[in-house]
There are 2 protein chains.
Amino acid sequence: MATMRDVADRAGVSIATVSFVVNNTKPVSASTRERIEAAMAELGFRRNVVARALASRRTRILALAYPALEHRLSTSAVEFITSAAREASSHDYHLVVWPVSNDSAELADLVGQGLVDGVLLMEVQLDDPRVGLLQSMGMPFALIGRTEDPTGLDYVDIDFDTSLELCVSHLWDLGHRRIALISGDQSVPSFERYGPYVRMDQAYRRIANERGFEEIVLGVRSGARYGREIATELTRIAPDVTGVVIFDEPAAAGLLAGLHTLGRRVPEDVSVVSAIAAIDQAFACDPPLTAVTAPGVELGLLAVQALVRRLEGGTPLPPQLRTGSFVLGESTAPPPASGRRRAATRRTS
Amino acid sequence: MATMRDVADRAGVSIATVSFVVNNTKPVSASTRERIEAAMAELGFRRNVVARALASRRTRILALAYPALEHRLSTSAVEFITSAAREASSHDYHLVVWPVSNDSAELADLVGQGLVDGVLLMEVQLDDPRVGLLQSMGMPFALIGRTEDPTGLDYVDIDFDTSLELCVSHLWDLGHRRIALISGDQSVPSFERYGPYVRMDQAYRRIANERGFEEIVLGVRSGARYGREIATELTRIAPDVTGVVIFDEPAAAGLLAGLHTLGRRVPEDVSVVSAIAAIDQAFACDPPLTAVTAPGVELGLLAVQALVRRLEGGTPLPPQLRTGSFVLGESTAPPPASGRRRAATRRTS
DNA sequence: CTGAAAGCGCTTACAG
DNA sequence: CTGAAAGCGCTTACAG
């Protein structure tokens with residue numbers, strides 16, 4: 001590999017001047033620039049990023065830190081990673097992946113190595129210890145998700161309120177009045193204070209209150225098998241529910257299967273909406289799920305933009321909340337006659 | 001951040017000696033080592049990996065290059081990435097992700113930057129131009145998948161023969177004699193010479209020949225919606241097929257849904273086995289799919305091991321082929337009576 | 001507009 | 001066992 005020294009010699013200039021044209025950081029006369037560019041082309045010069053990193057004290061590498069919990073990341077996580085990597089690349093950054101344990105000592109160790117300029121934090125808990133850690137180490141970061149009070153932090157997240165509003169409105173407009181939320185089971189240790197679950201719950205309770213329908217909330221562990229189980233529980237606890245919003249991608253498929261096994265038809269007897277699901281996942285269900293998609297690609301892009309902005313010293317980007325698209329599947333329909341009657345009654349009262 | 005200079009000053013030694021104990025690369029007297037270790041602890045010293053990389057000409061960074069095609073990576077890709085990153089980490093390497101286009105110019109550009117010591121290549125085509133590129137640039141690499149003739153290359157891959165054998169044997173042992181393969185549609189441009197499809201086809205034809213059953217092969221585009229369509233086509237083209245092996249995770253779910261819509265019961269009328277599927281995906285189907293799982297975690301680990309071995313100059317690891325586990329779901333059963341009779345007849349003939 | 005020189009924080013022969 | 005010194009390939013004040 002040719003170095004700047006080689007290029008400089010060939011063009012008859014100093015390496016400083018070569019650096020100026022490579023980085024376009026100082027004015028260089030047209031003729032000199034031409035000679036240098038010719039020399040670079042002839043030698044196939046590529047600037048060594050490691051040397052640049054050491055000299056400039058900026059590695060232009062970003063880390064994506066995600067807790068490698070026992071549950072695998074959702075389908076949209078790949079979209080997220082890919083999207084973040086591409087956006088990073090477009091800003092001339094690289095993206096390393098750090099599947100760190102919950103233990104923040106591991107994160108501290110990695111940060112201490114000086115490899116990265118900034119960190120993207122996924123799967124943020126409401127009181128995430130990693131946030132304080134990064135702050136104390138002076139390492140710039142952006143969150144995908146957010147802590148309880150994210151004031152002053154760079155973050156991007158799903159707009160849970162709007163997402164759930166889309167789901168509930170759809171059911172409501174079809175005539176449903178008994179609408180349950182199946183959200184994450186927060187009794188599972190690693191999900192005790194899991195932001196998405198908490199926020200989805202809050203959004204549901206607010207909407208239920210506004211619209212005046214009874215709150216029916218069930219928690220489900222993530223996974224198709226648990227979705228099957230929750231179908232039984234739902235039928236036992238609230239047999240008159242006609243509309244369900246479920247917030248767990250794998251469990252949603254299981255719920256459909258479980259209802260099917262129980263002889264409850266979707267959508268004739270029960271309508272199901274998946275809050276935050278990969279589009280392909282929704283199509284893979286039987287019937288295809290009505291769903292709000294996960295804005296994974298967009299969030300990956302925005303998170304990198306926020307972090308890069310912070311690193312390059314521009315004005316920080318404001319927090320970004322995003323909602324996926326509403327996709328009409330075949331898992332929703334007006335409630336069965338009895339339900340509709342009851343709803344009608346209530347409406348006229 | 002404390003540097004080696006700081007540590008050396010504090011311990012009253014030269015930075016060379018500090019380097020020797022940090023890297024455990026030369027004998028150092030116990031007392032000196034103690035003083036240095038104490039100084040490191042007091043200063044919270046962390047060796048700067050960028051400086052080390054420049055000086056040692058080894059960055060200890062690996063790249064995972066995957067073509068960001070229009071189709072998203074399968075669920076197991078996340079497992080793969082995570083597994084590779086963890087294994088890399090255990091060898092004190094980092095993993096950067098490079099979602100490069102099919103155009104190998106982009107890969108050449110990235111390699112030329114000198115950031116990584118080696119490359120893991122995913123989604124390898126039978127005549128993958130990236131292989132020649134990396135060889136010509138002198139960049140060590142390992143394949144996940146393999147080219148047509150992978151002699152001399154480091155690679156790990158799924159054992160398609162054994163995987164399909166597991167699927168077919170299961171159906172055969174249940175009494176099925178009309179067994180179709182639904183594999184990838186190779187008429188889609190980016191999948192023309194896609195190794196997994198080609199190898200799965202070959203394995204099927206070999207097995208069909210050995211066991212003496214008629215070859216029935218359909219191609220399906222990846223995606224749940226196409227799985228639905230293929231259900232119709234299968235029913236039209238080969239209505240008497242009782243056993244199906246499908247090799248596309250998203251399409252498998254769609255196939256079940258499509259058969260259901262057509263009034264064909266699984267497994268009573270048709271048995272379906274998914275070749276190479278994420279376990280959770282199989283559970284998410286209705287009925288739960290009998291499947292051979294994708295050995296994504298294992299392959300990620302093995303690929304990194306092979307590459308690291310090559311980089312550290314040990315004896316190269318031999319190629320590794322791996323088969324996932326056979327998971328019995330509820331999508332397979334003996335063929336319906338007519339099919340069974342025919343099979344019995346044939347067997348006694 | 002251009003160059004000489006210091007420096008980024010390490011590793012690694014080479015000497016002793 | 002330990003150290004002085006060169007060098008990895010760049011960037012960046014500082015001078016001119």
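Every chain is numbered from 1 and lettered A, B, ... according to where its sequence line falls, protein lines coming before strand lines. Both backbone and side-chain heavy atoms feed into the values below; hydrogens, waters and symmetry mates do not. For clarity, every value in this text was computed on a predicted model and none was experimentally measured.
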What pairs of donor and acceptor atoms, side-chain ones from residues 295-302 of chain A against any protein atom, are under 3.5 angstrom apart with sequence neighbours left out?
{"residue": "A:E298", "atom": "OE2", "partner": "A:R322", "partner atom": "NE", "Å": "2.6"}

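Summarising the geometry, atom CH2 belonging to B:W98 is positioned 6.5 Å from atom NE2 belonging to A:H94; distances are rounded to the nearest 0.5 Å. Of the inter-residue distances, the one linking A:R60 atom CZ with B:Q113 atom CD reads 10.5 Å to the nearest 0.5 angstrom.
Listed by first then second residue, pairs satisfying salt bridge (charged side-chain N to carboxylate O under 4.0 Å, His left out) with a partner in residues 136-145 of chain B number zero, not counting sequence neighbours. Applying the salt bridge (charged side-chain N to carboxylate O under 4.0 Å, His left out) test to residues at least two apart or on different chains, the pairs with a partner in residues 109-118 of chain B are A:R46-B:D109, B:R58-B:D117. Among residues at least two apart or in separate chains, side-chain hydrogen bond (donor to acceptor under 3.5 Å, both in side chains) pairs with a member in residues 129-144 of chain A are A:D128-A:R130. Residue pairs meeting the salt bridge (charged side-chain N to carboxylate O under 4.0 Å, His left out) criterion with at least one partner in residues 8-18 of chain B, sequence neighbours excluded, are B:R5-B:D9, B:R10-B:E42. Applying the salt bridge (charged side-chain N to carboxylate O under 4.0 Å, His left out) rule to pairs touching residues 18-27 of chain A yields nothing, sequence neighbours excluded.
Looking at heavy atoms from C-beta onward, B:L95 lies in side-chain contact with B:L120 at the 4.5 angstrom threshold.
Using modelled atom types and a 3.5 Å distance limit, the side chains of B:H91 and B:E312 yield no donor-acceptor pair.
Extent of DNA chain D lying under 4.0 Å from chain A heavy atoms, first and last nucleotide in 5' to 3' order, is D:dG9 to D:dC14.
DNA chain C contains the following stems of three or more consecutive Watson-Crick or G-U pairs, with both distances under 3.5 Å: C:1-3 with D:14-16, C:5-12 with D:5-12, C:14-16 with D:1-3.
A heavy atom lying under 4.0 Å from DNA chain C marks the following residues of residues 10-29 of chain B, by number: B:I15, B:A16, B:S19, B:F20, B:N23, B:K26. For the segment residues 39-63 of chain B, the set of residues with a heavy atom within less than 4.0 Å of an atom of DNA chain D comprises B:L54, B:A55, B:R57, in numerical order.
The salt bridge (charged side-chain N to carboxylate O under 4.0 Å, His left out) test applied to B:R33 returns B:E37, not counting sequence neighbours. The salt bridge (charged side-chain N to carboxylate O under 4.0 Å, His left out) check on B:D157 picks up B:R146, with sequence neighbours excluded.
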